[in-house]
Amino acid sequence: MTKLAVVEFKLLVREPGAVFSLLIPLFILVVFGSSIQPGDTVLLPIALAIAVGLVGLYMLPTTLATYRERGILRRMSTTPARPVNLLVVQVLLQLVLALAACGLLLAVAGAVLGAHLPTRVLPGVLTFLLGTAAMFAIGLLIAALAPNGRSANGIGVLLYFPLAYLAGLMQPPSQMPAIVAAVGEYTPMGAFRLSMQDVWAGGVPDPLPLGVMAAYALVVSVAAARFFRWE
Amino acid sequence: MTVIDVTDLRKGYAGRTVLDGVSFSVEAGEIFGILGPNGAGKTTTVECVEGLRRPDGGSVRVLGLDPFTDGRALREQVGVQLQHTQLPENIKVWEALDLYASFYARPRDWRGLLEEWGLADKRDARFGKLSGGQRQRLFIALALVGDPRVAFLDELTTGLDPQARRVTWELVKRIRDNGVTVVLVSHFMDEVEELCDRVAVLDQGRVVALDTPAGLVGGEQRMRFTLMAGDSVPGLDGLPGVTGVTRTGDRVVVTGRGDFAPAVTAHLARHRVTVSDLRIDRRTLDDAFAALTGRSFTN
């Protein structure tokens, strides 16, 4: 299991997609952050949502569906090792990637851009975990349903942009049609952004978006487990 | 010792019968071929034996174990090379071997396998950069890294050029010479003839024949030659193995079984008879398959 984790970690580092999921949110942060206000509570939550969304909707499903398509899970099931270990290692590594992307954003925002960082850690960690769980669950469902790596990639990208729009990551929700903005609060990335903004404002996150994320995490991952195929 | 025992194996998908009562057994130390055209049920058969698929009926024992209930204990002792399997593009050769070795309780030293399979200079190459033959050798090495007692090789040489196929055949013989029982799935007649000690011929989910390649080819062979004008050869029909002699003008056709051809040529030499156009029509497994099924074997 340790060796599996080490090898999978090396493969992740060699994957150009992993670098992109670190750099794209950072790029957005730096471009928009040059004019950041000291008390800003909007930009960093958006950048964090983009980062976690990229990993959950794009990296995770593409990797897993490719592994199934190439018969790697099947090949593993002919050895004494269990292929479910590979899934567990992948989910953990992608979680590390999401953490790294968020850590990088916070470090650059805090050290270089002089952005405001929340002082209370626990609500931020809770929001991160719930949001990541919700978006990873969607990624797992994509991996379960997509026939191969390329289509998983396509579905991920196809889902990513409407979800990012609904979540208010592309346009401030105040400028969106009211009904669209309201729907957006019930999407995983929208709920993540809302909770993170509460965290940045220094308060305790509203239970509603937290509940929305928990519900996605639970329901969608059950569906993913139900539909997952090993080959 | 019987290593694999399959009795009346049955399997269907969505109402379509794929295996219709397949039975065979594999003895220790042999290369056992499973031969048949595409769609005959070869891969499904080995997948049931490997425990990847649950049969609808019949029984399977591998090394005395049930592939389903004793799967884990069994997988320690078998090595598998699957058709249509790949590795991640970016994994290096040594990493793949090191990783697969870690799956087994008592693996072989993968460094030795690198040498043995001619991959030492590709140690740090990524899977995506390997040629077809190198990939195939890596897959075989991965199938052997657990130090198995039985190795399953499925469509080993599909997609390889003729030279790489020859090289791979030599390697498969070496696996057997190292004491590993080999189950070889193939739709290539020449491959099975070259490698296998015994062959089960599958057609439409049934075993239509189970014999040595020579036994399958079996039957009579014909030897033809042309005599110099006016020459005659008495006593050909009394030679061991010869079943018939017909002469039309100067053309002679001798039919026979087994090793009759050397006896005939020695006889000709003894009588100082010079012949021309000497040909032996050897029946091939293709002929045998056509005789068994009434259909030609098309790759």
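We name chains A, B, ... by the order of the sequence lines, and we start the count at 1 in each one.
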More than 12 heavy atoms from other groups under 6.0 Å of OH on Tyr165(A): yes
Part of Gln83(B) lying under 4.5 Å from any heavy atom of chain A: neither
Salt bridge present between Glu50(B) and Arg74(A) (N-O < 4.0 angstrom): no
Working for side chain to side chain contact (heavy atoms under 4.5 Å, CB included), residues Lys10(A) and Lys92(B): CA-CA 10 Å; Lys10(A) 287 185 189 171; Lys92(B) 292 177 182 175; over 6 Å; no
Crowding at CZ, Phe9(A) (>12 non-hydrogen neighbours, <6.0 Å): no
Engaged part of Ile91(B) at the chain A interface, taking heavy atoms whose separation is under 4.5 Å: both
Proximity of residues 94-115 of chain B to chain A, residues having a non-hydrogen atom under 4.5 angstrom: Trp94(B), Glu95(B), Asp98(B), Leu99(B), Tyr100(B), Ser102(B), Phe103(B), Tyr104(B)
Residues 135-145 of chain B: residues contacting chain A (heavy atom under 4.5 Å, by number): Leu142(B), Ala143(B)
Ion pair Glu89(B)/Arg70(A), N-O distance below 4.0 Å: yes
Top of Glu69(A), Met76(A), Arg82(A), Met1(A) for chain B proximity - count of heavy-atom pairs under 4.5 angstrom: Met76(A)
Crowding at CZ, Phe68(B) (>12 non-hydrogen neighbours, <6.0 Å): yes
From CZ (Arg75(A)) to CD (Gln86(B)), nearest 0.5 Å: 12.5 Å
Heavy atoms from other residues, nucleotides or ligands near NZ of Lys129(B) exceed 12 (cutoff 6.0 Å): no
Contact summary for Thr85(B) and Gly71(A), nearest pair of heavy atoms: CG2-O, 3.4 Å
Heavy-atom donor-acceptor pair, Arg75(B) side chain to Thr79(A) backbone, under 3.5 Å: yes
Distance in Å, Ile72(A) CD1 paired with Leu82(B) CG, rounded so as to fall on 0.5 Å steps: 12.0 Å
Interface residue of largest heavy-atom contact number with chain B, from Leu11(A), Thr2(A), Thr66(A), under 4.5 Å: Leu11(A)
